[in-house]
Amino acid sequence: MQVTIIGTGYVGLVSGACIADFGHQVTCVDKDSTKISTLNAGEIPIFEPGLGDIVRSNLKQGRLVFTTALGEAVRGADAVFIAVGTPSRRGDGHADLSHVYQVAREIATALEGFTIVVTKSTVPVGTGDEVERIIRELRQDADFAVVSNPEFLREGAAIHDFKHPDRIVIGTDDEHAKKVAAEIYRPLYLNQAPIHYTSRRTAELIKYAANAFLATKITFINEIADLCERVGADVQEVARGIGFDNRIGPKFLHAGPGFGGSCLPKDVRALIKTAQDHRLPECCAARRLRSWVSPSSLTPTTCARRRLFH
Ligand SMILES: NC(=O)c1ccc[n+]([C@@H]2O[C@H](COP(=O)([O-])OP(=O)(O)OC[C@H]3O[C@@H](n4cnc5c(N)ncnc54)[C@H](O)[C@@H]3O)[C@@H](O)[C@H]2O)c1
């Protein structure tokens, strides 16, 4: 398969390197020419265990190419992944989709033959519809399908997570697109990774629901920690005690400074905005989490504990 990845950041670079390692021909595109030169020299701009070896070995075998020439990379590709950033939009906290839509416009002009356009960036429900509309408006003749394939890797364990995923989510109703996506991920499927086929909108929401649920677990155990401090209980033992329960599980139950990182806060904000846009402003899970992304609402105990863990 000829695969093109647009956006060679954390997700794009890891995905591109691993997909090349599966045996596909991969071209990674970025508008940052310094990053592309660095990568072509076999140097890795981020720290991620194991990534350098995979990139260098696939560069050497000619399966991985880095370029700034988007049009050339898209022409003739079987699949074009969009892996650009979707930061919080200033003002309302929704996901800023300007990079995604810009890339959609650039892809449209270069499409050739049947191509799946895959959103790997974390994007709100309905973004795939808009990407499809943008491409169709610019290229009535194009033969393409827009697929949602959210990424769940963790920074620091990205290679392991990409190659041993808990699941691969493929959101599309197009049978031909399903076959192309399945072929790309075939080595993982052979390795028993479950492929979860859904509609595009469902796949988009799965990513936000997963991150909001993880943020909820962290938030929940932090609130139990507040209570432990008041009543003289040990929150670590409480977390262990409930984590033994298979219905709950031990992960994301470490009391600490609250959730952070490059994804959870922005994705929770974007989910809250989606709920508001669909007239569910009082959606209780979102409301509870909102108090944890807005520092003004922290209780004194929580503030103290957060300072302790920072
Ligand atoms: N980082 C993570 O752990 C993680 C995990 C899962 C999902 N995600 C999601 O994946 C997406 C990408 O995240 P990231 O951390 O890789 O972002 P990043 O900021 O590290 O990388 C984005 C890259 O896209 C490039 N880019 C932007 N516009 C472009 C354009 N028009 N043409 C070519 N290149 C362009 C940028 O130069 C940059 O190198 C986001 O939606 C994020 O929420 C991230």
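Both counts, for ligands and for their atoms, begin at 1 and track the order of listing.
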Below a 4.0 angstrom heavy-atom separation, can you tell me which part of Ala83, side chain or backbone, both or neither, approaches ligand 1? backbone
Atom 5 (C) of ligand 1 - nearest protein heavy atom and its distance: Leu153 O, 3.5 Å
Count the heavy atoms belonging to other residues, nucleotides or ligands that lie under 6.0 Å from CZ of Phe220, then report whether that count exceeds 12. no
Does an N or O from Asp267, backbone or side chain, lie closer than 3.5 Å to an N or O of ligand 1? no
Closest to atom 2 (C) of ligand 1 among Glu155, Arg105, Lys207, Lys31 (heavy-atom distance): Glu155
Below 4.5 Å, heavy atoms only, C-beta onward: do Glu204 and Pro150 meet side chain to side chain? no
Just wondering, more than 12 heavy atoms not from Phe114 lying within 6.0 Å of its CZ? yes
Flag yes if more than 12 heavy atoms outside Gln61 fall under 6.0 Å of its CD atom; otherwise flag no. yes
Considering only protein heavy atoms, which is closest to atom 9 (C) of ligand 1, and at what distance to one decimal place? Thr122 OG1, 3.5 Å
For atom 23 (C) of ligand 1, what's the nearest protein heavy atom and its distance? Asp30 OD2, 3.6 Å
Using only atom types and a distance under 3.5 Å, with no angle test, would you say the side chain of Thr67 pairs donor to acceptor with the backbone of Ala69? yes
Could you check atom 24 (O) of ligand 1 against the protein and tell me its nearest heavy-atom contact, residue, atom and distance included? Gly7 CA, 3.4 Å
Need the ligand 1 atom indices (1-based, order shown) with element for anything under 4.0 Å from a heavy-atom of Val103. 30 (C), 31 (N)
For Arg240, does the CZ atom sit with more than 12 other heavy atoms under 6.0 Å from it, leaving out its own atoms? no
Please tell me whether Thr172 and Asp174 have a donor and an acceptor in their side chains that are separated by less than 3.5 angstrom. no
Under 3.5 Å, N or O to N or O, is Asp32 touching ligand 1 that way? no
Tell me which protein heavy atom sits closest to atom 18 (P) of ligand 1, plus the residue, atom name and distance to 0.1 Å. Gly9 CA, 4.0 Å
Taking 4.0 angstrom as the limit and counting only heavy atoms of His99, give me the atoms of ligand 1 inside it, by number and element. 28 (N)
For Glu151, the atoms of ligand 1 under 4.0 Å from one of its heavy atoms are 6 (C), 7 (C)
Take atom CZ of Arg89 as the centre, draw a 6.0 Å sphere, and report whether it contains more than 12 heavy atoms from other residues, nucleotides or ligands. yes
Would Phe152 count as being in polar contact with ligand 1, using the rule that some N or O on each side must be under 3.5 angstrom apart? no
Please report which non-hydrogen protein atom sits nearest to atom 22 (C) of ligand 1, along with the residue it belongs to and the distance in Å to one decimal place. Gly85 N, 3.7 Å
Distance-only donor-acceptor check, side chains Thr34 and Ser37, under 3.5 Å: no
Note: ligand 1 atoms sitting under 4.0 Å from heavy atoms of Lys35 are 38 (C), 39 (O)
Could you tell me whether Glu72 atom CD has more than 12 heavy atoms of other residues or ligands within 6.0 Å of it? no
Below 3.5 angstrom, do we get any N/O pair linking Lys266 and ligand 1? yes
Does Arg167 qualify as a cation-pi partner of Phe152, given the criterion of NZ or CZ under 6.0 Å from the six-membered ring centre and within 45 degrees of its axis? yes
Taking atom 43 (O) of ligand 1 as the reference point, report whether a protein heavy atom occurs under 4.0 Å from it. yes
Looking only at side-chain N and O atoms, does Ser262 offer a donor or acceptor that is under 3.5 Å from a partner on Glu155? yes
In this structure, atom 10 (O) of ligand 1 is nearest to the protein heavy atom Val11 CG2, 3.5 Å
Heavy-atom proximity to atom 11 (C) of ligand 1 ranks first, among Val84, Leu97, Thr86, for Val84
Can you tell me the protein heavy atom closest to atom 15 (O) of ligand 1 and the distance? Tyr10 CB, 3.6 Å
